[in-house]
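Here is the structure we will look at.
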Amino acid sequence: MRAGGREAALRPQAAAPQLIVVASGKGGVGTTTAAVNLAASLARDGRRTVLVDADLGRADATRLCRVDDVYTVADVLAGRRNVHETLVRGPAGVQVLPGAWASGAVTDCEPAAQQRLLDELARLGPHADYIVIDAGSSLDRVVRRFWQAADRVLMVTSPEATSVTNAYAAIKLLTASGRAPIQTLVNLAESAAVAAEIGQRLARACRRFLGINVESGCYFPFDPLVAAAGRARTPFVLAHAAAPASEQLERLASRWTAAAGTQNFGRIDSTRNRLATDK
């Protein structure tokens with residue numbers, strides 16, 4: 001093998017981006033707010049981040065990011081454009097794959113079309129560290145496929161009893177499609193104690209009846225500044241970096257990036273050792 005070829009072989013391939021699915025079991029609990037601000041928080045920390053507006057038929061994340069949607073995820077699913085041609089720059093340098101407004105062709109997309117989208121996202125490794133998917137509150141087969149491909153799932157709920165019940169129901173249904181680690185985000189919590197109690201309640205139910213572990217991720221306290229940022233269509237982590245909700249997301253993002261960094265270094269070292277042995 002020529003020297004140049006050996007060096008190329010020893011150079012590790014870019015790992016696929018970490019795929020984070022943000023979902024909920026009930027609309028109106030802040031799933032899009034969580035997805036957009038998580039993406040912005042990762043980008044603010046210097047992580048190359050892609051946000052996919054996959055709450056098909058609504059495009060709420062696209063509106064919150066205030067980006068143009070000349071081409072959308074519908075064009076990618078239909079094969080008219082690829083992901084690279086469709087991405088647009090959003091807040092904090094996040095690359096946004098815009099969502100599509102109500103369209104039966106999108107919500108009823110064929111599995112092959114969705115797989116093509118996921119394959120293109122997986123090949124963004126040279127350009128992205130994280131892909132955040134706003135999956136909304138739907139529990140259809142499209143969301144199940146996103147869940148199956150996820151590296152992490154952030155399940156958003158609120159203190160409302162029906163929201164907690166629906167979050168459990170969503171986890172019960174969707175875990176049949178994948179076993180990615182699940183963490184909860186409790187929105188509009190009155191206090192850290194309330195958020196912790198809700199997280200523990202969900203965790204106990206999932207462990208007892210489903211045999212899976214669900215961990216507490218973070219919570220958003222009720223904060224007029226967060227609501228005002230939403231009305232202004234600005235991520236609150238950028239407009240109010242010192243707000244408690246921003247600090248919660250920052251800590252969550254930091255934990256994830258630290259864990260992902262350890263895993264990536266392990267994969268790179270393993271690849272180097274294997275290639276050195278094969279020389």
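Considering only residues two or more places apart in sequence or on other chains, R116 meets the salt bridge (charged side-chain N to carboxylate O under 4.0 Å, His left out) condition with none of them. For R80, the salt bridge (charged side-chain N to carboxylate O under 4.0 Å, His left out) partners at least two apart in sequence or on another chain are D75. For R201, the salt bridge (charged side-chain N to carboxylate O under 4.0 Å, His left out) partners are E197, not counting sequence neighbours. Contacts of R44 classified as salt bridge (charged side-chain N to carboxylate O under 4.0 Å, His left out), with partners at least two apart in sequence or in another chain: E250.
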Just distance, no hydrogens or angles: give the donor-acceptor pairs under 3.5 Å from side chains in residues 239-247, sequence neighbours left out.
unit_1	atom_1	unit_2	atom_2	d
S246	OG	F236	O	3.4
S246	OG	H240	O	2.7

Can I get a per-line list of side-chain donor-acceptor pairs under 3.5 Å for residues 93-100, giving both atom names and the distance, sequence neighbours left out?
none

Donor-acceptor list for residues 27-35 side chains, cut-off 3.5 Å, not counting sequence neighbours:
unit_1	atom_1	unit_2	atom_2	d
T31	OG1	S24	OG	2.8
T32	OG1	D134	OD2	2.7

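Pairs passing the ring-ring contact (aromatic ring centres under 6.0 Å, His included) check and including a residue from residues 40-94, sequence neighbours excluded, read H84-H127. Among residue pairs with one or both ends in residues 204-228, none qualify as side-chain hydrogen bond (donor to acceptor under 3.5 Å, both in side chains); sequence neighbours excluded. Counting only residues at least two apart or in different chains, ring-ring contact (aromatic ring centres under 6.0 Å, His included) contacts with residues 191-211 are absent. Within the structure, salt bridge (Lys or Arg N to Asp or Glu O under 4.0 Å) contacts touching residues 153-162 (residues at least two apart or in different chains) are K26-E160. Among residues at least two apart or in separate chains, there is no ring-ring contact (aromatic ring centres under 6.0 Å, His included) pair with a member in residues 30-55.
Pairing each heavy atom of V143 with each of A135, the nearest pair is CG2-O, 3.7 Å.
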